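Input: a single structure, listed below in structure tokens.
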Amino acid sequence: MTSGQSSSLQLPSFLHGTFRSARQKAKREGLRCGEQYQKDGTFLLPRQLVDVPPGEVVMAHDLVDFQHERPAWRLYLVSDVMSGLLDAVDPKNTFPTRDAYEDFCLETAWGALHFALVQMGPVSAQRTAKRLQAVLRFWEPLQSARYLFKKLGTAQTLEDVMVAACDWAMDAWCPVGDDSVRQRLEIAAERMARATREDCIEAILREMPRALAHAGKLKHGGVVADPGFQRERLATLDSWSFDRVSAACTADLIWLLTIWERELEKH
């Protein structure tokens with residue numbers, strides 16, 4: 001734990017309440033941040049942070065939030081803060097604003113976990129590394145809570161949630177060993193942060209079988225599944241397209257497979 005960091009998880013008060021009240025507060029917070037950002041390019045810290053008692057459940061995904069009238073911590077509503085923020089700024093400037101707000105949030109435990117779980121993207125290996133490193137900086141306070149993420153009705157530990165959201169990162173960038181989840185994430189983040197293009201290609205090739213398994217039936221599945229074909233096509237990607245898949249995130253690789261499928265259809 002870094003100096004001055006709380007040992008308990010602190011969340012902004014606007015994330016607590018019934019679904020309706022928390023959502024309204026989150027949207028207002030976004031508008032407040034947007035107005036400040038338009039003034040001088042900075043963001044405002046939440047007005048009030050509240051200690052979350054150890055073991056208390058935090059809802060980290062909207063799909064598990066069925067009891068809207070029950071007051072609860074709703075971390076996933078950071079997305080509504082983002083929505084309010086983008087409503088308040090120049091619509092032509094949304095991507096730089098979004099990235100700037102993410103960078104601001106990565107300095108907080110709640111923001112770090114939200115952006116690691118939501119995997120807003122596609123983003124480069126370097127930005128993915130920043131997200132993972134932010135979670136690792138706040139590991140102790142984040143570990144004190146329990147989370148509802150994708151398993152209905154089952155409160156999970158931080159380790160469980162990170163495996164559910166980021167197993168692809170560990171498999172692609174730290175594929176072997178009996179290290180803990182935290183250690184594997186540390187290794188993966190470090191490798192992503194300093195990865196060359198060739199390092200990214202190797203990570204992508206390791207993750208491609210999972211992407212193929214989730215891509216559905218492909219007419220040219222036998223071709224796109226060939227590592228030689230994959231390596232050849234990856235080598236020809238322009239820098240913008242390569243950045244989009246360089247982290248080896250499964251969803252981004254499925255996007256790439258569909259592009260290759262369409263290209264093969266034309267020939």
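None of the values given here were measured: they were computed from a predicted structure.
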Report the C-alpha distance between C249 and T128 in whole Å, list the side-chain angles of each, state the deciding distance to 0.1 Å, and finish with yes or no for side-chain contact (heavy atoms from CB on, under 4.5 Å). CA-CA 9 Å; C249 179; T128 303; over 6 Å; no
So, the side chain of W173 versus the backbone of E190: is there a donor-acceptor pair under 3.5 Å, distance only? no
Is the closest side-chain heavy-atom distance between V50 and W73 below 4.5 Å? yes
Regarding R233 and E263, does a basic nitrogen lie under 4.0 Å from an acidic carboxylate oxygen? yes
Shared ILVMFWY cluster between W260 and V223, side chains joined below 4.5 angstrom? yes
Quick check against the 3.5 Å criterion: does S241 have a side-chain atom that pairs as donor or acceptor with the backbone of D238? no
How about R98 and E102: do any of their side-chain heavy atoms sit closer than 4.5 Å? no
Is there a side-chain contact (heavy atoms from CB on, under 4.5 Å) between K25 and L77 once you walk through the steps? CA-CA 9 Å; K25 289 186 289 185; L77 288 180; over 6 Å; no
For the residue pair S83 / D80, report whether a side-chain donor-acceptor contact shorter than 3.5 Å exists. no
Which heavy-atom pair separates A125 from C200 by the least distance, and what is that distance? CB-SG, 4.1 Å
Are Q10 and D51 packed together at the side-chain level, in the sense that at least one heavy-atom pair is separated by less than 4.5 angstrom? yes
Check the angle between the aromatic planes of H61 and F149 and answer parallel, tilted or perpendicular using the 30° and 60° thresholds. perpendicular
Is a donor on one side and an acceptor on the other found under 3.5 Å between the side chain of D199 and the backbone of T196? yes
For the pair R184 (side chain) and C174 (backbone), establish whether a donor and an acceptor sit closer than 3.5 Å, ignoring hydrogens and angles. yes
Backbone of T157 reached by a side-chain donor or acceptor of D160 within 3.5 Å: yes
Report whether V118 and V123 are members of the same hydrophobic cluster (ILVMFWY, side-chain heavy atoms less than 4.5 Å apart, transitive linking). no
When rounded to the nearest 0.5 Å, the distance separating CG of L45 from OG1 of T108 is 9.0 Å
For S144, enumerate each residue passing the side chain to side chain contact (heavy atoms under 4.5 Å, CB included) test, keeping only those at least two apart in sequence or located in another chain. L9
Heavy atoms, side chains only, cut-off 4.5 Å: are L49 and P12 in contact? yes
Do you know the tightest heavy-atom contact between F115 and M82? CZ-CE, 3.5 Å
Interatomic spacing from CG in D65 to CZ in R74 - rounded to 0.5 Å: 4.0 Å
Can you find a pair of side-chain heavy atoms, one from R131 and one from M120, that are under 4.5 Å apart? yes
Heavy atoms of Y147 and L113 approach each other most closely as CE2-CD2, 3.4 Å
Say whether, by atom type as modelled, one donor and one acceptor occur between the side chain of Q156 and the main chain of L148 under 3.5 angstrom. no
So, does Q230 use its side chain to make a donor-acceptor pair with the main chain of L205 at under 3.5 Å? no
List the atom pairs, with distances to 0.1 Å, where a side-chain N or O of residues 208-219 and a protein N or O form a donor-acceptor pair under 3.5 Å, not counting sequence neighbours.
unit_1 : atom_1 : unit_2 : atom_2 : d
R210   : NE     : E207   : OE2    : 2.4
R210   : NH1    : D167   : OD2    : 3.1
R210   : NH2    : D171   : OD2    : 2.4
H214   : ND1    : R210   : O      : 2.9

Group every Ile, Leu, Val, Met, Phe, Trp and Tyr by side-chain heavy-atom contacts under 4.5 Å, then state whether I187 and M170 land in the same group. no
Step-by-step side-chain contact (heavy atoms from CB on, under 4.5 Å) determination, F14 to V81: CA-CA 10 Å; F14 59 75; V81 179; 3.6 Å; yes
Is the F43 ring parallel, tilted or perpendicular to the F104 ring (thresholds 30°, 60°)? tilted
Considering all heavy atoms, the nearest P46-R32 contact: CA-NH2, 3.9 Å
Can you tell if the side chain of R47 reaches within under 4.5 Å of the side chain of S13, non-hydrogen atoms only? no
Hey, are K27 and D87 close enough for a salt bridge, meaning a charged N less than 4.0 Å from a carboxylate O? yes
Between R197 and A235, which heavy-atom pair has the shortest distance, and what is it? NH2-O, 3.7 Å
Apply the test salt bridge (charged side-chain N to carboxylate O under 4.0 Å, His left out) to residues R127 and D243: give CA-CA distance (whole Å), side-chain angles for both, the deciding distance (0.1 Å), then the verdict. CA-CA 10 Å; R127 181 168 279 277; D243 256 7; over 6 Å; no
Q67 and M59: CA distance, side-chain angles, deciding distance, side-chain contact (heavy atoms from CB on, under 4.5 Å) verdict: CA-CA 11 Å; Q67 297 177 299; M59 292 187 184; 5.6 Å; no
Closest heavy-atom pair and its distance - A88, G34: CB-CA, 3.8 Å
With the side chain counted from C-beta on, respond yes when V52 and W110 share a heavy-atom pair under 4.5 Å apart, and no when they do not. no
Using the rule that two of Ile, Leu, Val, Met, Phe, Trp, Tyr join whenever any of their side-chain heavy atoms come within less than 4.5 Å, decide whether L31 and V78 are in one cluster. no
I'd like to know if the side chain of E159 reaches the main chain of R182, judged simply by a donor and an acceptor atom lying under 3.5 Å from each other, with no hydrogens or angles considered. no
Between the CG atom in D252 and the CH2 atom in W168, the distance rounded to the nearest 0.5 Å is 7.5 Å
Answer yes if I254 and L264 sit in the same cluster of Ile, Leu, Val, Met, Phe, Trp and Tyr residues linked by side chain heavy atoms under 4.5 Å apart, and no otherwise. no
Looking at CG of L132 and CE of M162, how far apart are the two atoms once the value is rounded to the nearest 0.5 Å? 5.5 Å
For the CD atom of Q38 and the CG atom of L85, what is their distance to the nearest 0.5 Å? 9.0 Å
R70 meets the salt bridge (Lys or Arg N to Asp or Glu O under 4.0 Å) criterion, sequence neighbours left out, with none
For the CZ atom on R20, are there more than 12 heavy atoms of other groups (residues, nucleotides or ligands in this structure) within a distance under 6.0 Å? no
With heavy-atom distances below 4.5 Å as the criterion, would you say the side chains of E186 and W139 are in contact? no
